[in-house]
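Have a look at the structure below, then the notes.
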Number of protein chains: 2
Amino acid sequence: MAEDMAPVRIGILGMGTVGQGTVRVLERNAEEITRRVGRELRVVHAAARNPARLEGLGLDARISSDPWAVVRDPEVDVIVEVMGGQEPALSLLLAAIAAGKHVVTANKALLAEHGNEIFAAAQAQGVMVAFEAAVAGAIPIIKAIREGLAGNRIQWLAGIINGTSNYILSQMFHAGWDFQQALAEAQRLGYAEADPGLDVDGGDAAHKITLMASIAFGIPVDFAHCHVEGIRALERTDVAYAADLGYRIKLLGIARRRADGVELRVHPTLIPHSHLLANVEGPFNAILVESDAAGQSLYYGRGAGGDPTASAVVADLVDVARTMTADPSNRVPHLAFQPDAMSALPLLPMAEVESAYYLRIHAHNRAGVLAQVATMLAEYEISIEALVQKETPEADSVPIVLLLHRCREGDLEQAIARMEALPVVVQPILRLRVESLAEG
Amino acid sequence: MAEDMAPVRIGILGMGTVGQGTVRVLERNAEEITRRVGRELRVVHAAARNPARLEGLGLDARISSDPWAVVRDPEVDVIVEVMGGQEPALSLLLAAIAAGKHVVTANKALLAEHGNEIFAAAQAQGVMVAFEAAVAGAIPIIKAIREGLAGNRIQWLAGIINGTSNYILSQMFHAGWDFQQALAEAQRLGYAEADPGLDVDGGDAAHKITLMASIAFGIPVDFAHCHVEGIRALERTDVAYAADLGYRIKLLGIARRRADGVELRVHPTLIPHSHLLANVEGPFNAILVESDAAGQSLYYGRGAGGDPTASAVVADLVDVARTMTADPSNRVPHLAFQPDAMSALPLLPMAEVESAYYLRIHAHNRAGVLAQVATMLAEYEISIEALVQKETPEADSVPIVLLLHRCREGDLEQAIARMEALPVVVQPILRLRVESLAEG
C-alpha cells in the first residue's frame with residue numbers, strides 16, 4: 001500500500017539555515033520518513049536568493065530565484081515558508097493558500113501579526129497552515145498543547161522561548177558576566193544576530209507566547225496587546241541578588257487565563273532556583289504548562305538552529321501529508337478551537353496583572369530610607385517578603401533589594417512612582433516579576 | 001458546522017481511578033472539548049464491577065456489571081479500556097476490534113505482551129487502538145515520538161517512567177531513608193500498591209519502554225526480551241556514594257538503537273546530578289529522547305493518577321474522533337511505522353550492552369584487595385574512572401566503590417564472577433550502570 005501513494009510535492013521558500021536544514025533532513029531520513037508516512041516527501045521546487053547556497057545539498061529540484069515561481073508552480077502541493085519577515089512572505093502565503101496549497105511555516109513574526117487573516121483564508125480554502133516550527137524549534141509544543149492536552153482546561157503557560165536571551169542569562173549567572181559581555185559572546189558563537197534586538201528586547205519571545213496563548217485558550221492572535229520587556233536593564237548584581245534570595249532570572253513568556261481575561265506578557269522573571277525551568281541553560285528552550293487534568297507538564301529541547309527547526313518543519317509536513325485528503329472539518333483547527341467557537345476573553349492590561357515582585361532601589365545612604373519605602377508600600381497594602389541590603393559604606397548610594405508578596409501591578413506602579421519621587425531615591429527603580437510556577 | 005456533527009459514543013470498561021477520572025474530565029471540560037473537536041464526546045455505556053462507585057459522578061449512561069455488554073453494545077463507537085490486566089481485557093479488546101469499534105486503552109501490560117496481535121487485528125479491521133494513556137500518564141510522549149519527531153532518526157530514549165520507584169529513590173536521597181522505609185511511605189501516600197512488585201521490580205517501566213522502543217525504532221513489541229532490574233537491591237549507602245561521585249540514582253527505562261540491534265533495558269542507573277532527569281522528583285515522570293535532527297528533547301509530567309491519565313485518554317478520544325472517518329491508510333500507524341515497513345533489528349542480549357558502571361564490592365579489610373580487583377578488571381581492559389573507599393576501621397569488611405569507564409557488559413560480568421570468587425570478597429558485588437545521557 002505504502003509504495004502506491006503519490007509523493008507529497010514540496011516547494012520551499014527561502015534556503016537559509018532552516019531551508020537548508022529541511023532539505024538535509026528530508027534527504028538524510030528519506031527512508032525512515034517514508035517508512036512512517038507510507039509516501040515520499042519530495043522537494044520539487046526551491047526558491048533561493050542565492051542559488052549557489054544549494055550546491056552542496058544535492059537537491060534534485062527546480063531552483064528559482066523568484067519565490068513567486070514556487071507559489072505558482074502547479075506541481076507543488078505544499079509550500080514550506082522559511083524565508084521569514086513580513087513581506088513578501090505574507091503575500092506569498094496568501095497566494096499559496098488562494099491556490100489551494102497547504103503551508104508549513106516557521107515564521108512566528110508573520111503569524112503573530114497576521115495570523116488571524118492567514119488562518120481565516122486557509123479555513124475558507126480548506127487548506128492547512130502548520131506552524132510547529134514557529135515556536136520553540138524542535139520541541140513539539142504546538143502539537144502538545146493543541147492535541148496532547150486537548151482534554152484539559154489549560155490554566156497557564158510559562159516558557160523559556162528565546163535561546164539567545166537564555167544563553168546570556170546563563171552566562172551572567174554562571175560566569176558572572178555583565179549583559180554586554182554575554183551578548184558579545186552570544187554573537188561570537190552565532191546564538192545572537194548582529195542586531196540582537198528581537199531576541200534580547202523580548203519581541204521574538206512575544207511572538208511565540210502570543211501564538212501559544214491562542215492555541216491554549218482559543219483566543220484570536222493579538223500580538224499588539226502582548227506586554228514585552230527584554231533583559232537589557234538587568235545588571236549582573238541583579239542576577240547575584242536573585243541568587244542570594246534563592247532565585248534564577250529567566251526571560252519568560254507567560255500566558256495565564258483568569259476569570260476576567262488573559263494575561264499575556266514577556267519579561268525577565270525570578271523563579272525558584274530549584275525549579276526545572278531554572279535549570280534550563282544556554283540556548284535550550286522549555287515550556288511549562290499547567291492544566292486542570294494533566295497538572296504540570298514540561299517540554300524541553302533545542303529552540304533554534306537548522307536541523308532542530310527542520311525537525312518541526314518535517315513533522316508538520318508529515319501531518320499535512322496524512323490529512324491533506326481528509327475532510328477539513330475533521331482536521332485539528334489552526335488555533336486548536338473550532339473557528340466558530342473561539343473565546344472572547346480580553347487580554348488584560350498590565351495594571352491588572354497579579355504577581356510577586358523584586359525591586360532594586362538605589363537610595364542615598366541615610367537612616368530611615370527603608371522605613372519610608374516600607375511605609376509607602378504599606379499604603380498600597382503591599383507587603384515585603386524579604387530584603388537584601390548590601391553594605392557599601394564608601395558609596396554615596398546603596399542598593400536596597402526587596403521581594404514583595406503578590407499584589408496588583410497597578411498598585412505597585414503607583415507606589416513605585418511615589419518612591420521614585422522621594423529625594424533619597426537616586427535612580428529609577430528596577431521592578432522585576434517573581435513567579436513561583438508552583439502547581440496549584 | 002460543529003453543532004451538526006453527531007457525538008462520539010463512548011463505552012468504558014472499568015470504573016476504577018482512571019475510569020472515574022475519564023468520566024470526570026469529560027464532564028468537567030465538556031464545553032472546552034466540544035469547542036476543540038467540533039463534536040461531543042459522550043459516555044453512553046460503562047461497565048463497573050461495583051456500580052455503587054458511579055454514584056457521585058452524575059454519569060448519564062447505561063451501567064452494566066458485565067463488560068461484554070459494553071463491547072457488544074451497537075451504540076458504542078469507541079471502547080475505553082481502563083480495567084487493566086491480561087484477561088478478560090485481551091478478549092474484550094479483540095472482540096471490540098472485531099466488531100469494528102475503535103479502542104483507547106491505558107493497559108501497558110496488555111499491549112507490551114500482546115500488542116503485536118492487537119495492532120494486527122486493528123489494522124485488519126481498519127480501526128484504531130490508541131494508547132497514549134499506557135505510557136507516562138499525562139505526558140503526551142506517544143504523540144511526541146510518533147508524530148512530533150516523525151522527521152527524525154531516533155537514536156535513544158531514557159525515561160523515568162515509574163513514579164513509585166522514583167518517589168522511593170527521591171526519599172532515599174533527600175531523607176536518607178532506606179528502601180523499606182521509603183516503600184512504606186509510598187504505600188501510605190497511595191503511590192505504591194499493597195503488592196509493589198510491578199513498580200519496584202521494574203516490570204511496569206519495562207512495559208512502557210518496550211512500547212516506546214517500538215514506536216521509536218519501528219520494531220515489533222517484544223517485552224519478553226526487555227532486560228529488567230528493579231531497585232530492591234539498592235542500599236541508602238549506594239545513594240550516598242553515588243552522590244559523593246556526582247550522581248543520582250534513578251530507575252530508567254532505556255532503549256538505544258545501534259547498527260547491530262536495539263538495547264532495551266530497565267535498571268537503576270547513575271546519572272549526573274546536574275542533569276535535568278536527575279532532578280525529576282517524587283511521583284513525576286520524564287522521558288529524554290535523542291534524535292538526529294531535534295537533538296535532545298525532554299517531556300515531563302505526572303505519570304499516574306486519575307486525572308492525569310484521563311488527560312491522555314481524552315486526548316486519544318479526540319484523535320479518534322478526528323480520524324475515525326478518515327481513510328485508514330492516512331492515519332498515524334499504531335507503531336509509528338507502516339506495518340509493512342517495520343524494522344528487523346534484533347534486541348541485543350545484555351552481554352552486548354555497552355555502558356559505564358558502578359560497582360560496590362565488600363571485601364575483608366586487608367592490604368592489596370584493591371590491587372587484586374584492579375588487576376582483574378585490567379585483564380578485561382576495563383579501566384577505573386573513580387574510587388571511593390570509606391574508612392570503617394571497626395568493621396571486618398569494607399565497601400569499595402568503583403566507577404568504571406564504558407565497557408561491554410559481557411566482559412564486566414566475567415570480571416565480576418572472577419572477583420566474587422576471590423577469598424577476600426565477602427558479598428555478591430552490586431553492579432549498577434552509569435549513563436551520561438550527554439547529547440552527541
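In what follows, chains carry the letters A, B, and so on, assigned in the order in which the sequence lines appear, proteins first and then strands, with residues in each chain numbered from 1. Please read these numbers as outputs of a predicted model, since none were measured by experiment.
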- Residues passing the ring pair (Phe, Tyr, Trp, His ring centres under 6.0 Å) test with A:F131, sequence neighbours excluded, are A:F119
- Flag the one option from A:G295, A:A336, A:A286, A:A321 with the top tally of heavy-atom pairs under 4.5 Å to chain B. A:A336
- Message: If you count heavy-atom pairs within less than 4.5 Å of chain B, which of A:R24, A:R322, A:M342 leads?
- Response: A:R322
- Output the residues of residues 296-309 of chain B for which the shortest heavy-atom distance to chain A is under 4.5 Å, in residue-number order; output 'none' if no such residue exists. B:Q296, B:S297, B:L298, B:Y299, B:Y300, B:G301, B:R302, B:D307, B:P308
- Message: For B:V332, which atoms come within 4.5 Å of any heavy atom of chain A: side chain, backbone, both, or neither?
- Response: both
- Query: Given the options B:E31, B:E439, B:R146, which has more heavy-atom pairs under 4.5 Å with chain A than any of the others?
  - Reply: B:E439
- Message: Let me confirm one number: the CG-CD1 distance from A:L149 to B:I139, rounded to the nearest 0.5 Å.
- Response: 11.0 Å
- Item | Region of A:N29 that comes under 4.5 Å of a non-hydrogen atom in chain B | side chain
- Answer whether the closest heavy-atom distance between the side chains of B:K143 and A:P140 falls below 4.5 Å. no
- Salt bridge flag under 4.0 Å for residues B:R257 and A:E32: yes
- Item | Side chain / backbone / both / neither for B:N152 at chain A, heavy atoms under 4.5 Å | both
- Query: So which residues of residues 311-318 of chain A are in contact with chain B at a heavy-atom cut-off of under 4.5 Å?
  - Reply: A:S311, A:V314, A:A315, A:V318
- Message: For the interface with chain B, which of A:A138, A:G151, A:A293 has the highest count of heavy-atom pairs at distances below 4.5 Å?
- Response: A:A293
- Message: Would the distance check show the side chain of B:R35 and the main-chain N or O of A:F337 forming a donor-acceptor pair, the cut-off being under 3.5 Å?
- Response: no
- Measure distances from A:E147 to the heavy atoms of chain B and classify the residue's part below 4.5 Å as side chain, backbone, both or neither. both
- Message: Report which part of A:D292 has an atom under 4.5 Å of a heavy atom belonging to chain B: side chain, backbone, both, or neither.
- Response: both
- Toward chain B: residues of residues 271-283 of chain A with heavy atoms under 4.5 Å: A:L276, A:N279
- Distance-only side-chain donor-acceptor flag, A:T325 / B:N330, under 3.5 Å: yes
